Asker: 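I'd like to ask you about the structure that follows.
Given the structure is predicted, the values throughout are model-derived calculations rather than measurements.
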Amino acid sequence: MEQRGFALIEILIIVVIFVLIGAGAWWILSKNNVLSPDSKGYVEWSFGGENWQASGNPPACEEPLTLNSPVDPNKVDSVLLPGQVRGGDFKPHGGLAVGNATDNQLDVHTVRDGYLYRASRYIQDGEVQYLFDFIDSCGVMFRFDHLATLTPQFVTYANQLPEPQVDDSRTFNVNERLLLKKTP
């Protein structure tokens with residue numbers, strides 16, 4: 001009898017060889033941080049419908065967790081605590097009120113290294129405003145909202161968002177992740 005084609009055992013051997021080559025390449029690349037978002041081993045987070053998922057093995061957050069003010073504390077009028085009813089709505093987030101700024105100019109700095117995760121642009125009180133969510137490697141999310149003027153880098157991201165709508169601040173995932181480094 002003459003055999004034509006591959007025997008089952010030959011196909012299994014070929015599949016095993018490809019699996020071993022793929023597993024070896026993945027192991028080498030992950031050891032060299034090629035699969036991580038950058039060479040410092042940052043871990044990105046995403047929401048999988050019910051749970052948050054890390055892209056790798058997340059580092060533990062430092063204890064105690066400390067955050068610097070994202071704005072000059074001398075310009076802050078009041079601290080808005082999370083879990084309050086403000087404007088007739090329950091607000092699970094906190095914030096810093098700077099409503100008495102005379103020139104409406106305020107430099108905002110990041111409080112941690114983190115990746116841009118979601119963004120929004122919307123119209124409130126007749127003015128286009130911007131919102132950006134960031135997540136750091138250990139899973140701490142921080143948000144900048146009610147921004148009126150953006151740096152050129154952030155204008156690029158904002159222009160990729162849907163057109164702003166009145167009082168519609170729904171966020172949209174950002175496809176290209178931007179690493180924002182904490183300013184000293």
Asker: Would you check if S55 and W45 make a side-chain contact, meaning some heavy-atom pair closer than 4.5 Å?
Answerer: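 With C-beta onward as the side chain, the pair stays apart.
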Asker: Going by an N to O cut-off under 4.0 Å, is there a salt bridge joining K182 and D113?
Answerer: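 The answer is no: the pair does not qualify as a salt bridge.
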Asker: Pairs under 3.5 angstrom only: tabulate donor-acceptor contacts from the side chains of residues 85-92 to other protein residues two or more places apart or in another chain.
Answerer:
{"from": "R86", "atom 1": "NH1", "to": "L81", "atom 2": "O", "distance (Å)": "3.0"}
{"from": "R86", "atom 1": "NH1", "to": "Q84", "atom 2": "OE1", "distance (Å)": "3.0"}
{"from": "R86", "atom 1": "NH2", "to": "H93", "atom 2": "O", "distance (Å)": "3.0"}

Asker: Report yes if the distance between the aromatic ring centroids of Y117 and F134 is under 6.0 Å, otherwise no.
Answerer: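 Not under 6.0 Å, so no.
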Asker: What pairs with Y157 under ring pair (Phe, Tyr, Trp, His ring centres under 6.0 Å), at least two apart in sequence or on another chain?
Answerer: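 Y157 satisfies ring pair (Phe, Tyr, Trp, His ring centres under 6.0 Å) with no residue once adjacent residues are dropped.
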Asker: Can you tell me how far CZ of R118 sits from CG of L161, rounded to the nearest 0.5 angstrom?
Answerer: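 Those atoms lie 12.5 Å apart.
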Asker: For residues 148-166, pull every pair meeting salt bridge (charged side-chain N to carboxylate O under 4.0 Å, His left out), keeping only residues two or more places apart or in separate chains.
Answerer: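 Those involving residues 148-166 are R121-E163.
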Asker: Ignoring hydrogens and angles, tell me if any N or O in the side chain of D125 forms a donor-acceptor pair with the backbone of E127 under 3.5 Å.
Answerer: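 Absent.
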Asker: Does any pair with a residue in residues 62-84 pass ring pair (Phe, Tyr, Trp, His ring centres under 6.0 Å), and if so which ones, sequence neighbours excluded?
Answerer: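 For residues 62-84, and leaving out neighbouring residues, there are no ring pair (Phe, Tyr, Trp, His ring centres under 6.0 Å) pairs at all.
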Asker: Relative to the ring of Y122, is the ring of H146 parallel (under 30°), tilted (30 to 60°) or perpendicular (over 60°)?
Answerer: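 If you compare the ring of H146 with that of Y122, the planes turn out perpendicular.
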Asker: To the nearest 0.5 Å, what is the distance between CG (N173) and CG (L116)?
Answerer: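 Reported value, rounded in 0.5 Å steps: 10.0 Å.
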Asker: Does anything in residues 49-65 pair up under salt bridge (charged side-chain N to carboxylate O under 4.0 Å, His left out), and if so which pairs, sequence neighbours excluded?
Answerer: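 Qualifying pairs: E62-R112.
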Asker: State, with a plain yes or no, whether a side-chain heavy atom of V71 is found less than 4.5 Å away from one of H109.
Answerer: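 V71 vs H109: side chains apart.
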Asker: Following the transitive rule for hydrophobic clusters with a side-chain heavy-atom cut-off under 4.5 Å over Ile, Leu, Val, Met, Phe, Trp and Tyr, establish whether F172 and V166 coincide in one cluster.
Answerer: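 In one cluster: no.
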Asker: If hydrophobic clusters are built by linking Ile, Leu, Val, Met, Phe, Trp and Tyr wherever their side-chain heavy atoms come under 4.5 Å apart, do V108 and L150 end up in the same one?
Answerer: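 Yes, V108 connects to L150 through the hydrophobic network.
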Asker: Sorted by first residue and then second, give each salt bridge (charged side-chain N to carboxylate O under 4.0 Å, His left out) pair with at least one member in residues 138-147; sequence neighbours left out.
Answerer: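 Sorted pair list: D133-R143.
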Asker: Could you go through V140 and I135, starting from their C-alpha distance and side-chain angles, then the distance that decides it, and tell me whether this counts as side-chain contact (heavy atoms from CB on, under 4.5 Å)?
Answerer: CA-CA 6 Å; V140 173; I135 302 178; over 6 Å; no
Asker: Could you please spell out the steps behind the side-chain contact (heavy atoms from CB on, under 4.5 Å) verdict for L96 and V79?
Answerer: CA-CA 5 Å; L96 302 173; V79 175; 4.1 Å; yes
Asker: Hey, are the side chains of P58 and S137 touching, using non-hydrogen atoms and a 4.5 Å cut-off?
Answerer: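 A side-chain contact is absent here, since even the closest heavy-atom pair is not under 4.5 Å.
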Asker: With I123, which of D167, D168, V128 fulfils side-chain contact (heavy atoms from CB on, under 4.5 Å)?
Answerer: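 Among the candidates, only V128 passes.
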Asker: Tell me the closest heavy-atom pair linking C138 and P59, and the distance in Å.
Answerer: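 Scanning both residues completely, I find the closest heavy atoms to be CB-O, 3.1 Å.
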Asker: Considering non-hydrogen atoms only, spot the tightest contact between T110 and F144 and give its length.
Answerer: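 T110 and F144 have their closest heavy atoms at CA-CZ, 3.7 Å.
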Asker: Assess whether side-chain contact (heavy atoms from CB on, under 4.5 Å) is satisfied between Y130 and V155, documenting all intermediate values.
Answerer: CA-CA 10 Å; Y130 301 92; V155 168; over 6 Å; no
Asker: Hey, mind stepping through V174 and F132 against side-chain contact (heavy atoms from CB on, under 4.5 Å) and telling me if it holds?
Answerer: CA-CA 10 Å; V174 175; F132 295 98; over 6 Å; no
